[in-house]
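In what follows, chains are A, B, ... by sequence order, proteins preceding strands, each numbered from 1. Treat the numbers as computed from the prediction; the structure is a model and nothing was measured.
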Protein chains: 2
Amino acid sequence: MPESLEPTRREQIMSTAQKMMRSNGYQGTSMRDIAAALQIEAASLYNHISSKEEILRSTCFGMADKFITGINEVNDIYFNAEEKLAMAVRNHIKVLTENLNASFVFIHEWRNLAEESRKEFVSLRDEYENQFRKILETGEEEGLFNEVNNKFAVLTILSSLNWVVEWYRPDGEMNPQQIAEKLNEFILTGLKK
Amino acid sequence: MPESLEPTRREQIMSTAQKMMRSNGYQGTSMRDIAAALQIEAASLYNHISSKEEILRSTCFGMADKFITGINEVNDIYFNAEEKLAMAVRNHIKVLTENLNASFVFIHEWRNLAEESRKEFVSLRDEYENQFRKILETGEEEGLFNEVNNKFAVLTILSSLNWVVEWYRPDGEMNPQQIAEKLNEFILTGLKK
DNA sequence: TATCGACTAACAAACGTTAGTTTATAATGC
DNA sequence: GCATTATAAACTAACGTTTGTTAGTCGATA
């Protein structure tokens, strides 16, 4: 069987579903809606996926994996904290802008996961935040960063990064590299002259 | 008829609905769910509200009004830009923490508004962002702030403020004043020593 | 001759909402 | 002070849709 360059049917379903869930939310997107966009019947979807929730689960955990891979990469390489932070931000923005629809679902729709998956998801999220926090702690120890409430700082920084998904447009003024650069400036030195 | 100190039935419905929509989303909260929480039948809700969407509409526009009132107050009083920004942040955090559930719905569920309301809502949001942007522009002119992409800066700042709704707990370590203060520090001077 | 991927048909459950009714309380007219 | 009327707020029952999903089938491709 020849390895096709075309996306598999499953991948088509996933990306169509993600796009629609971005616009209309998880609960606002029905299996019939997804099927119609692919010009097939709802029942046919079940030849490729096992349930609607599997779409959400696969999306959320797939993205979590990408983000965590990104930050592990940063923490494995030795740099000072400032460089580490800059790299973490770049990686985050890269993953986010390369998977806009999936990222949106990841950020906004994870609450719709069933109990068990939701718990697992939250702990992955916590792990990611911890990795980020470690960078800030290193920065403090190195005397580079102000002493701040690190938990608070991480949440504030991540919110700025994640909000990019709300306004970023591939054809907009800023490309992902520029966005990451500006965010790094802002995080490090703030507004004040 | 004596003016009661009790909330009206409508207010009870609103705040119950907001609490449930915070946990389960707009579409994840049915009229029967809301009614059950109030120990009445779903049909009885319609003696007090006209539709499910009215709950969302009233919540979103009610909060928009509070936020806009807050920023107008700031811009009407003459301070320098740094003081204005600090006040705007304080007001934002105040409104947000005093109406946690409604704020959460305001931030996350407005997409479920019907076409017409959604457009109106978005323009109110734009107005708010413009008022914020004006403060940053003033700061630039006064030579207080760095020259930055103001649109970008406003979105980044507002994301940090809005994310507070995700983690703030009335019984947590930081009270709203402290949160606002920390956010102001961070916005002005960043992490770097 | 399997396997893949589509189909039709149907399911039980849940959805927002309406109609019409009942009951308790408040306001009014005599 | 009493009978009447009005109002508020609950109820039961039902409506037409839409929902996610399953079962079973059929044609095309490997």
Separation of C:dC15 P from A:Gln27 CD (nearest whole Å): 10 Å
Lys/Arg N to Asp/Glu carboxylate O, A:Arg111 vs B:Glu166, below 4.0 Å: yes
Spacing of A:Leu56 atom CG relative to D:dT19 atom P, expressed in whole Å: 17 Å
Nucleotide nearest A:Ala43 (side chain, heavy atoms from C-beta), chosen from D:dA9, C:dT8, D:dT21: C:dT8
Distance in angstrom units between A:Ile13 CD1 and C:dA6 C1', rounded: 11 Å
N/O donor-acceptor pair, side chain B:Asn47 with base D:dA8, under 3.5 angstrom: no
Spacing of B:Ile40 atom CD1 relative to D:dA8 atom C1', expressed in whole Å: 13 Å
Short side-chain to backbone donor-acceptor contact, A:Asn146 and A:Val148, under 3.5 Å: no
Nearest-nucleotide pick for B:Ser44, side chain only, options being D:dG20, D:dA10, C:dG16: D:dA10
Sugar-phosphate only, base, or nothing, as touched by B:Ser50 at under 4.0 Å among non-hydrogen atoms: nothing
Closest listed nucleotide, where the reference is the side chain of B:Arg9 and the choices are C:dA6, C:dT17, D:dA10: D:dA10
Of A:Glu41 and A:Arg32, the one whose closest DNA chain C nucleotide lies more 5': A:Glu41
Sequence neighbours excluded, every pair satisfying salt bridge (charged side-chain N to carboxylate O under 4.0 Å, His left out) that has a member inside residues 127-153 of chain B: none
Any A:His48 side-chain nitrogen or oxygen under 4.0 Å from OP1 or OP2 of C:dC4: no
Spacing of A:Ile34 atom CD1 relative to D:dT21 atom C1', expressed in whole Å: 13 Å
Check: B:Phe104 ring centre within less than 6.0 Å of B:Tyr168 ring centre: no
Between C:dT17 (P) and B:Ile55 (CD1): distance, integer Å: 9 Å
Spacing of OG1 belonging to B:Thr16 relative to CG belonging to B:Asn101, to within rounding of 0.5 Å: 10.0 Å
Integer-rounded Å distance: C:dC4 P and A:Tyr46 OH: 20 Å
Separation of atom CD in B:Glu11 from atom P in D:dA8, rounded to whole Å: 16 Å
Phosphate-side-chain proximity, B:Ser30 and C:dC15, N/O vs OP1/OP2 below 4.0 Å: yes
